*Asks:* 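Let me give you the structure first, and then I'll get to my questions.
Quick caveat, the model's predicted, so the values are computed rather than measured. Quick note: numbers below take in every heavy atom, side chains included, and nothing from hydrogens, waters or symmetry partners.
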Amino acid sequence: MFLHSVNLWNLAFYAFMVFMATLGLWDVFFGFEENKCSMSYMFEYPEYQKIELPKKLAKRYPAYELYLYGEGSYAEEHKILPLTGIPVLFLPGNAGSYKQVRSIGSIALRKAEDIDFKYHFDFFSVNFNEELVALYGGSLQKQTKFVHECIKTILKLYKGQEFAPKSVAIIGHSMGGLVARALLTLKNFKQDLINLLITQATPHVAPVMPLDRFITDFYMTVNSYWILNARHINLTTLSVAGGFRDYQVRSGLTFLPKLSHHTSALSVVSSAVPKTWVSTDHLSIVWCKQLQLTTIRAFFDLIDADTKQITQNPKKKLLVLNHHFIRHPAKHFEENPAIISDLTGTSMWVPVKVSKWTYVAYNESDKIYFTFPLANHRKIYTHAYCQSTMLDTNSWIFGCINSTSMCRQGVDLSWKAELLPTIKSLTLRLQDYPSLSHLVVYVPSIHGSKFVVDCEFFKKETRSIQLPVTHLFSFGLSSRKVILNTSGLFYNIELLNFGQIYQAFKINVVSKCSGVKEEITSIYKLHIPWSYEDSLTIAQVPSSTEISLKLHVAQPENDSHVALLKMYTSSDCQYEVTVKTSFSQILGQVIA
């Protein structure tokens, strides 16, 4: 009888564990947002021109090949070598096809056509015969050596040209990104053969499945080399993760180690990338139109006008990557932007003395400068906030120094702004700008377009609200809530006690609006200050919106920052924010 009851208890325990594992697996494989990536299409038939390799090389690597991507007239013209563009080499990952280069190659070609081929990129791709290197690592070293030979072969295709390249840029998908990093471990490899490395969904930290000694040894060799030689590695590297949609390679594995001496490395999740703002699965990261457009914009901004190749200036490389992948000010990239701008011309100057102001611009016939004197506001408020729904790239907000009502020159504050999906916004702490006497908002003359500009002054404590997350073992039965009663445009909800991978919560934002006839958009941005893994949710209010709250990277021990829910709201609405533990997502985080 006793043994029978013990067996029943064991059976119940195992059944419970299976249920928990199933719940966790369901969250990993299905508990993420829908695919919001737009498909990238070719405008002409894609062609892959096989590059003839030296006979010895072809004999040594009979299964591998090198291709040049092209379409239409470009493909026809480049069948006759040598080449005249900027070389980029695409490396596919586990079981990946060399044809995956077509999305980014086609977008780059369209961009080159837009500027009449003033500059253009030549996209090469390696055929690794779709080897399963994530399951068997015996081919990784061979792939690395073949890529080295491909780089030398590619550079020879430009021999004799006026602006011949001396290095290539590499885009590596999945394990292809690791192979690219492994190039530096080769004894006879020259680091300056690579001018830029972008990896997409590459598990840099550790293998997803360490199934054999070859994989673990390869990882140990690569990561040890990069750590021990951090002082001497000058290769600008960007790692882009797919976010929670990529259940094959969790984003925490893609973050390059933050080495004190290696400052030329950036790691970001695609949901945080400006103008992308979506999570991608493991395959869609190579064809996601939003992400590939961002990548190509960065490539063209990296071109040195003198050499007609990618710049060798590491500072400029990081500036460009930060501009396009980290924080976009809604301005075209400039390496040395003009801080002082002329505010001249036949324009109206309109003083604004209220602390909260809205202007609806429609068919403006004249330029208008709205000036906000700061002297009185400094006595009451700590911050100024402005936003505009006009998403052009012109400067729109300035600061006047020691002015009475208008100024001929102003400090261009537009570079401090941040681009969001429906607005560009700027928050200024007034004490950081003691010399400014006025804030100036510029409204250009427009025809047929309508946009809204809002500004307000506020005290920080009225817009920063603390919301402690619920206990891990509350199982979603209890919740915590804050209500935003004031009619502000911007709030920071501080999510206290949230910083571990195994934590997971659901945030529900309920908005109620009064007297609103037009559709209003609010933006809820989850900001993680210790890693670039922010995510945005766009809500049409009034509405009830659910947001998943979980991490890719845990908060470092010496980091005192607090995760924030940044809310860009409507002054006509009231918002109620509720947080509660999500047990199924906790199980998903633990299993992943």
*Asks:* Return the minimal non-hydrogen interatomic distance between Ser267 and Thr254, and the atom names on each side.
*Replies:* OG-O, 4.2 Å

*Asks:* Check Trp287 against Cys37 and note the closest heavy-atom contact, atom names and distance.
*Replies:* CZ3-CB, 4.0 Å

*Asks:* Scan side-chain atoms only and decide if His552 and Ser531 contain a donor-acceptor pair under the 3.5 Å cut-off.
*Replies:* no

*Asks:* Looking at Lys481, is its backbone amide N or carbonyl O close enough to the side chain of Glu576 to form a donor-acceptor pair, meaning the two atoms are under 3.5 Å apart?
*Replies:*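 Flag not set: sc Glu576 to bb Lys481 has no pair under 3.5 Å.
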
*Asks:* Classify the ring geometry of Phe333 against His323: parallel below 30°, tilted from 30° to 60°, perpendicular beyond 60°.
*Replies:* perpendicular

*Asks:* Just wondering, more than 12 heavy atoms not from Lys580 lying within 6.0 Å of its NZ?
*Replies:*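 Counting other residues, nucleotides and ligands, NZ of Lys580 stays at 12 neighbours or fewer.
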
*Asks:* State, to 0.1 Å, how close Gln555 and Ser560 come at their nearest heavy-atom pair, and which atoms those are.
*Replies:* NE2-C, 4.0 Å

*Asks:* Determine whether the side chains of Tyr568 and Thr422 contain a donor N or O and an acceptor N or O closer than 3.5 Å.
*Replies:*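 Thr422 and Tyr568 do not have a side-chain donor-acceptor pair below 3.5 Å.
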
*Asks:* Begin from the C-alpha positions of Lys331 and Ser395 and carry the test side-chain contact (heavy atoms from CB on, under 4.5 Å) through to its verdict.
*Replies:* CA-CA 8 Å; Lys331 297 270 292 175; Ser395 294; 2.6 Å; yes

*Asks:* Assess, by modelled atom type and distance only, whether the side chains of Asn508 and Glu546 contain a donor and an acceptor separated by less than 3.5 Å.
*Replies:* no

*Asks:* Report the distance from atom OH of Tyr442 to atom OH of Tyr369, rounding to the nearest 0.5 Å.
*Replies:*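 Going from OH on Tyr442 over to OH on Tyr369, the span is 5.5 Å.
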
*Asks:* Working to the nearest 0.5 angstrom, can you tell me the gap between Cys386 SG and Ile397 CD1?
*Replies:*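 Between Cys386 SG and Ile397 CD1, I get 4.0 Å after rounding to 0.5 Å.
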
*Asks:* Identify the two heavy atoms, one from Ala330 and one from Lys424, that lie closest to each other, and give their separation to 0.1 Å.
*Replies:*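 Heavy atoms only, the tightest pair is CB-CD, 3.9 Å.
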
*Asks:* Check whether any side-chain heavy atom of Phe498 sits under 4.5 Å from a side-chain heavy atom of Leu467, and report yes or no.
*Replies:*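 A side-chain contact is absent here, since even the closest heavy-atom pair is not under 4.5 Å.
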
*Asks:* Say you draw a straight line from CG of Asp304 to CD1 of Ile310; how long is it, rounded to the nearest 0.5 Å?
*Replies:*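 Here the interatomic distance stands at 10.5 Å.
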
*Asks:* Over 60° means perpendicular and under 30° means parallel, so tell me whether Phe372 and Trp357 are parallel, tilted or perpendicular.
*Replies:* perpendicular

*Asks:* Kindly determine whether Thr581 and Thr470 satisfy side chain to side chain donor-acceptor pair (under 3.5 Å), including the steps that lead there.
*Replies:* CA-CA 6 Å; Thr581 301; Thr470 47; 2.8 Å; yes

*Asks:* Testing the basics here: between Glu456 and Gly488, what is the closest heavy-atom pair and its distance to 0.1 Å?
*Replies:* OE1-CA, 3.7 Å

*Asks:* So, Ser548 versus Gln585: side-chain donor-acceptor pair below 3.5 Å or not?
*Replies:*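 Yes - a donor-acceptor pair under 3.5 Å links their side chains.
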
*Asks:* Verify the distance criterion only: is there a donor paired with an acceptor across the side chains of Ser40 and Ser103 at less than 3.5 Å?
*Replies:*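 Yes, because at least one side-chain N or O of Ser40 sits under 3.5 Å from a partner of the opposite role on Ser103.
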
*Asks:* Under a 4.0 Å N-O cut-off, is there an ion pair linking Glu418 with Lys566?
*Replies:*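 Looking at Lys566 together with Glu418, the answer is no, because their closest N to O distance does not fall below 4.0 Å.
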
*Asks:* From Lys353 NZ over to Asn376 CG, what is the distance, rounded to the nearest 0.5 angstrom?
*Replies:* 8.5 Å

*Asks:* Measuring from Ser284:OG to Asp246:CG, what's the distance to the nearest 0.5 Å?
*Replies:*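 One gets 8.0 Å once the value is rounded to the nearest 0.5 Å.
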
*Asks:* Which pair of heavy atoms, one from Tyr119 and one from Phe300, lies closest together, and at what distance?
*Replies:*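 Scanning both residues completely, I find the closest heavy atoms to be O-CE2, 3.8 Å.
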
*Asks:* Determine whether the side chains of Thr578 and Ser479 contain a donor N or O and an acceptor N or O closer than 3.5 Å.
*Replies:* no

*Asks:* For Lys316, is the NZ atom crowded, meaning more than 12 foreign heavy atoms sit under 6.0 Å from it?
*Replies:* yes

*Asks:* For the OH atom on Tyr524, are there more than 12 heavy atoms of other groups (residues, nucleotides or ligands in this structure) within a distance under 6.0 Å?
*Replies:*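 Check passes, neighbour count above 12.
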
*Asks:* Enter the distance from Phe255:CZ to Ser239:OG here, rounded to the nearest 0.5 Å.
*Replies:*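 One finds 7.5 Å between CZ of Phe255 and OG of Ser239.
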
*Asks:* Under 4.5 Å between any side-chain heavy atoms of Cys455 and Val441, yes or no?
*Replies:*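 They are in contact (side-chain heavy atoms under 4.5 Å apart), so the answer is yes.
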
*Asks:* Answer yes or no: does atom NZ of Lys416 have more than 12 heavy-atom neighbours from other residues, nucleotides or ligands under 6.0 Å?
*Replies:* no

